[in-house]
Undergrad: 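Pasting a structure here, questions to come.
Throughout, protein chains are lettered first and strands after them, A, B, ... in sequence-line order, and every chain is numbered starting at 1. Side chains are part of it too, since the values below use all heavy atoms of this structure and drop only hydrogens, waters and symmetry mates.
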Amino acid sequence: MEMPDPELNPPQAEAVAHVEGPLLVFAGAGSGKTRVITYRIANLVARERVAPWRILAVTFTNKAAGEMRARLERPDMLGAVAKDLWVGTFHATCAKFLRLYPEAIERTKGFVIYDGTDQKAVVTRALRDLDLDEKRYAPKQVLGRIHKEKQEGRGPEEMSLDSYLDDAIKKAYVRYEQALKAANALDFEDLILGVVRILEADKSGQYPVEVLQAKEALEKKFDYILVDEFQDTNTIQYRLLQRLAARTRNLCVVGDDDQSIYRWRGADVRNIRGFRRDYADAKVVKLEQNYRSSKRIVSSALAIIASSATREPKELWTDNGDGSPVRVIATADERDEAACVVRAVKDARDAGISPREIAVFYRVHAQSRVLEEALRSVNIPYQIIGGAKFYERAEIKDAIAYLRVLVNPRSDVDMLRIINTPPRGIGNTTVERVATYASTQGFSIFQALERLDDFAEDVGSAPKKRLGQFRELMRGLINEAKNRPPADVLRMVLAKSGYKSVLDAEDSAEAEGRLENLAEFEGSMHDYATEAQARGEEPTLEGFLERVTLQSDTDNMSEQEKITLMTVHGAKGLEFELVLLTGMEEDMFPYRNQEPRNAEEMDEERRLAYVAVTRARKHLVITHARQRQIFGTTRLGVPSRFVGDLPPNVIEHLETPAARSAGSAGRWIDRGSSGGFGDHTAPTSSRPRTGGGASAPASSRSWQHPQRGAAATSEDGGGWGAGPSVHRKPAAPARQPGERFVELDEDAGGSHGNVRLRRGMPVTHERFGRGEVLQVVQSSDPAVVAFFPGWGEKKVLARFLRFG
DNA sequence: GCTAGCCCCCTTTTT
DNA sequence: GGGGGCTAGC
């Protein structure tokens with residue numbers, strides 16, 4: 001078992017060779033981070049003779065974990081001994097440990113993990129039980145708050161009560177926790193928090209022996225801990241790491257503050273600074289050489305991230321060649337954009353680029369449909385990551401609910417889901433009665449059914465009979481499920497519950513689709529069984545269910561000859577030869593729904609754009625549309641401020657014919673000298689490229705950098721709603737990055753700047769004074785028909801109005 | 001008790 | 001545009 005002799009640059013080698021004590025690695029995009037982590041692990045095992053099972057490597061996704069393990073298992077790395085490493089996500093790792101000591105967190109062996117939908121169902125019930133108005137306390141909001149508290153490591157008792165609503169939220173939190181415990185269930189946060197609580201138990205005598213035993217085992221468990229994507233850890237995860245590493249302090253964290261894109265779900269970049277504070281003696285290594293992308297791509301990325309407010313000082317650079325220009329293509333609308341993507345993909349394929357090396361990114365899933373349609377219509381194979389999730393389809397959730405009840409009959413969320421699915425004459429009223437009886441007696445639904453006679457007077461004789469039949473069905477299934485392969489259990493459940501026959505009888509395309517999905521689901525159970533056996537594990541229903549809940553969309557990415565469509569978030573950690581970044585318009589990317597973004601949110605959008613751009617190795621194509629239909633409305637779009645940030649000397653502006661005829665003046669622009677694949681966008685009629693700054697002629701598509709400098713100062717969207725823009729040229733028909741656009745509702749609404757318009761909304765016009773919107777007129781320069789007292793109905797351009 | 005239709009809302013999403 | 005949740009009416 002010899003260490004490979006990798007070619008590492010000096011900082012990489014430094015990080016790999018570091019053995020004892022804390023280590024902080026700043027790993028710029030494409031700087032060979034994965035390589036450093038794997039080599040470091042190999043070094044620990046092969047050279048430092050550390051037992052592999054005493055090393056924990058935490059990754060961001062299961063896929064990343066699988067790849068890391070696969071690399072380490074290669075014969076030229078560690079080979080078979082790598083199997084003993086603990087490699088996994090925070091959640092999978094904690095679940096694995098808690099399965100060993102479920103009593104320490106007041107659960108039993110078969111505990112289930114509730115996903116977001118299940119969690120929401122529990123909260124909704126809790127709110128109902130507490131008689132809290134669902135309007136005032138939206139389940140989603142309350143759940144969000146509970147998560148936040150948990151991510152910060154606070155139970156209901158430690159909650160800070162800031163507003164008058166918090167009292168109720170605290171009650172809901174308490175109830176939620178009770179319900180999970182009663183159901184022998186955990187949510188995602190519980191996995192982390194549970195382990196932290198074990199580790200933080202003291203010997204004061206108030207903790208049961210199970211907890212102290214688990215604590216002792218866990219404290220001794222790991223000698224070396226490595227964490228990838230550290231910038232996206234949250235408070236509780238960082239606390240977990242600190243506790244796990246308390247004994248040895250051999251904690252190595254790897255991250256890049258510029259790629260922190262999960263603040264909205266609790267991730268805290270400040271953990272990086274916290275690490276420096278908490279481990280003042282930590283060795284700090286910066287990986288700044290990018291091996292992935294061309295110079296043009298790297299400088300584009302740097303230009304985007306440069307104006308981010310808080311950054312660790314570092315400079316990404318590359319030795320790679322200039323590469324082909326970054327193409328920025330103006331398109332007429334989302335269909336034209338999709339057509340443009342199709343052409344680019346075809347050209348790339350013709351140029352010999354493998355489809356698996358091509359990715360199409362967008363900011364929100366809603367953008368994917370049009371792209372999918374376009375690709376399908378020309379038979380370009382694609383895979384789409386995320387979006388309508390397979391496991392969230394009703395029939396799959398139903399099947400999972402049945403399976404989970406078999407493993408864990410106390411799981412009420414699941415019982416409530418299947419008790420009348422397929423319809424078996426047990427209506428809401430009956431279900432509510434059972435649920436009420438159960439909760440007042442402290443029973444689970446299933447336990448309540450076992451005591452059906454005790455509350456028989458509450459339900460009529462017919463419902464009682466049906467409840468009895470359902471109970472017998474479930475008893476039978478539980479019995480027969482024992483010692484059967486998971487896929488067999490599923491087939492049995494679908495047959496005996498009547499689920500399959502109901503779908504069979506329906507004879508509709510929709511039912512057909514559901515049956516296909518269930519067949520696919522069964523296939524995934526077979527896959528799981530095969531994989532488990534390959535690892536030398538017994539395939540179990542519990543194991544399968546855990547995998548289903550803890551797996552991510554990217555985990556299912558295939559290596560087929562297909563191009564990949566995904567959100568920018570999904571693209572983290574990946575790389576492609578060609579990246580097509582679509583929808584680069586203000587308010588699409590940076591995305592904004594209703595509220596204006598604050599500076600922090602804008603910074604996160606910026607980092608997201610940085611992540612998107614740095615995924616590309618050789619070619620980067622950025623598209624934007626002048627007009628876009630999304631969420632049922634048409635928006636007029638101006639190029640994203642991030643496009644405006646790109647250095648003029650690396651980009652090439654192009655325009656589709658449709659964009660040209662639809663939009664303002666402008667022509668195909670092509671330097672002719674551009675490398676890269678096909679030149680589909682380049683009719684020969686070209687005029688000199690606009691470049692060199694603000695002196696570009698106003699009539700051309702000169703928006704690439706008309707207001708450099710100004711844009712940087714209005715970073716948080718200060719121009720929005722703050723009256724006429726401070727950094728745009730109002731006279732030019734060509735719109736500027738950062739300029740406001742108008743969103744039009746079908747007949748009566750829309751938004752202008754950060755204002756969402758409705759019919760009847762008050763507006764103010766400089767000459768006509770205050771009025772009321774009657775109609776919105778969609779055109780390249782949108783207008784409204786409004787009624788102004790004293791003037792009557794007037795059609796005025798939206799950009800001359802103030803709203804309110 | 002069931003279901004058709006209506007209304008509302010809409011980031012990103014791991015796990 | 002489309003999915004999910006709720007209501008009203010059968």
Undergrad: Measure from OH on Y262(A) to P on dT13(B) and round the result to the nearest Å.
TA: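 These atoms are roughly 6 Å apart.
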
Undergrad: Closest-nucleotide mapping onto DNA chain B: is G116(A) or I426(A) further toward the 5' terminus? I mean the 5' end.
TA: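 That would be I426(A).
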
Undergrad: Distance-only, no hydrogens or angles: does the Q237(A) side chain make a donor-acceptor pair with backbone N or O of N234(A) under 3.5 Å?
TA: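 Yes; judged by distance alone, with no hydrogens or angles, the pair exists.
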
Undergrad: Return the value, rounded to whole Å, for the distance between atom OH of Y362(A) and atom P of dT13(B).
TA: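 Those two atoms, OH and P, are 9 Å apart.
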
Undergrad: Given atom CD of Q367(A) and atom P of dG1(C), what is their separation to the nearest angstrom?
TA: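 To the nearest whole Å, that distance equals 16 Å.
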
Undergrad: Run through E585(A), E586(A), E334(A) and flag the one making a salt bridge (charged side-chain N to carboxylate O under 4.0 Å, His left out) with R628(A).
TA: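 For R628(A), the salt bridge (charged side-chain N to carboxylate O under 4.0 Å, His left out) test succeeds with only one of E585(A), E586(A), E334(A), which is E585(A).
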
Undergrad: Given dG1(C), dT13(B), dC2(B), identify the nucleotide with an atom nearest to the side chain of P423(A).
TA: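 Between dG1(C), dT13(B), dC2(B), the one nearest the side chain of P423(A) would be dC2(B).
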
Undergrad: Can you check the F631(A) CZ to dT11(B) P distance for me, whole Å?
TA: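 Nearest whole value for this atom pair: 6 Å.
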
Undergrad: Using the side-chain heavy atoms of R369(A), tell me which of these nucleotides is nearest: dG1(C), dT13(B), dC6(C).
TA: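 Ranking dG1(C), dT13(B), dC6(C) by closest atom to the R369(A) side chain puts dG1(C) first.
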
Undergrad: How long is the line joining CZ of F60(A) and P of dT14(B), in whole Å?
TA: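 Distance, rounded to whole Å: 8 Å.
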
Undergrad: Nearest whole angstrom, please: distance from the P of dG1(B) to the CZ of R424(A).
TA: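 These atoms are roughly 14 Å apart.
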
Undergrad: Check R641(A), R263(A), R363(A), R592(A) against E605(A) for a salt bridge (charged side-chain N to carboxylate O under 4.0 Å, His left out) and give me the one that passes.
TA: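 Result for salt bridge (charged side-chain N to carboxylate O under 4.0 Å, His left out) with E605(A): R363(A).
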
Undergrad: The criterion is side-chain hydrogen bond (donor to acceptor under 3.5 Å, both in side chains); which residues satisfy it with Y528(A), sequence neighbours excluded?
TA: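 Residues passing side-chain hydrogen bond (donor to acceptor under 3.5 Å, both in side chains) with Y528(A): none at all.
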
Undergrad: Measuring from the side chain of V364(A) (C-beta onward, heavy atoms only), which nucleotide among dT13(B), dC6(C), dT12(B) has the closest atom?
TA: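 The closest nucleotide is dT12(B).
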
Undergrad: Which pairs with one or both residues in residues 85-101 of chain A pass side-chain hydrogen bond (donor to acceptor under 3.5 Å, both in side chains), sequence neighbours excluded?
TA: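 Output for this query lists R99(A)-E546(A).
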
Undergrad: Is there a donor-acceptor pair under 3.5 Å between the side chain of R107(A) and the backbone N or O of L98(A)?
TA: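 Absent.
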
Undergrad: Quick check for you: among dT12(B), dG1(B), dG1(C), whose closest atom lies nearest to any side-chain atom of H365(A)?
TA: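 It is dT12(B).
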
Undergrad: Strictly below 4.0 Å: does T429(A) bring a side-chain N or O up to OP1 or OP2 of dG1(B)?
TA: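 Yes, such a contact exists.
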
Undergrad: Which is true for N420(A) with a 4.0 Å heavy-atom rule: it touches a base, it touches only sugar-phosphate, or it touches nothing?
TA: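 Answer is sugar-phosphate: N420(A) comes under 4.0 Å of backbone atoms only.
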
Undergrad: For G427(A) and for L191(A), find the nucleotide of DNA chain B with the closest heavy atom, then tell me which residue's nucleotide is more 5'.
TA: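 Residue closer to the 5' terminus by nearest nucleotide: G427(A).
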
Undergrad: Given atom CD1 of I419(A) and atom P of dC2(B), what is their separation to the nearest angstrom?
TA: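 About 12 Å, once rounded to whole Å.
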
Undergrad: Atom CD of E600(A) to atom C1' of dT11(B): distance rounded to whole Å?
TA: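 After rounding, the reported distance stands at 17 Å.
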
Undergrad: Students often get this wrong, so: under 4.0 angstrom with heavy atoms, is G425(A) touching a base, only sugar-phosphate, or nothing?
TA: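 If one applies the 4.0 Å heavy-atom cut-off, G425(A) turns out to touch the sugar-phosphate alone, with no base involved.
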
Undergrad: If you only use heavy atoms from C-beta on, which nucleotide in dG1(B), dC2(B), dT13(B) is closest to the side chain of T430(A)?
TA: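 Closest of the options to the side chain of T430(A): dG1(B).
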
Undergrad: Are N234(A) and dT14(B) close enough that a side-chain N or O sits under 4.0 Å from OP1 or OP2?
TA: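 Checking N234(A) against dT14(B): no side-chain N or O falls below 4.0 Å of OP1 or OP2.
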
Undergrad: Just do the ring pair (Phe, Tyr, Trp, His ring centres under 6.0 Å) check on F230(A) and Y238(A) with the steps written out, would you?
TA: CA-CA 9 Å; F230(A) 184 65; Y238(A) 180 41; 5.6 Å; yes

Undergrad: I'd like to know whether the aromatic ring centres of F60(A) and Y262(A) sit less than 6.0 Å apart in this structure.
TA: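 Centroid distance F60(A)-Y262(A): below 6.0 Å, so yes.
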
Undergrad: Collect all protein-nucleotide pairs involving nucleotides 8-10 of chain C in which both atoms are nitrogen or oxygen and the distance is under 3.5 Å.
TA:
none

Undergrad: Measuring from the side chain of W264(A) (C-beta onward, heavy atoms only), which nucleotide among dT11(B), dT13(B), dG1(B) has the closest atom?
TA: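 Output: dT13(B).
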
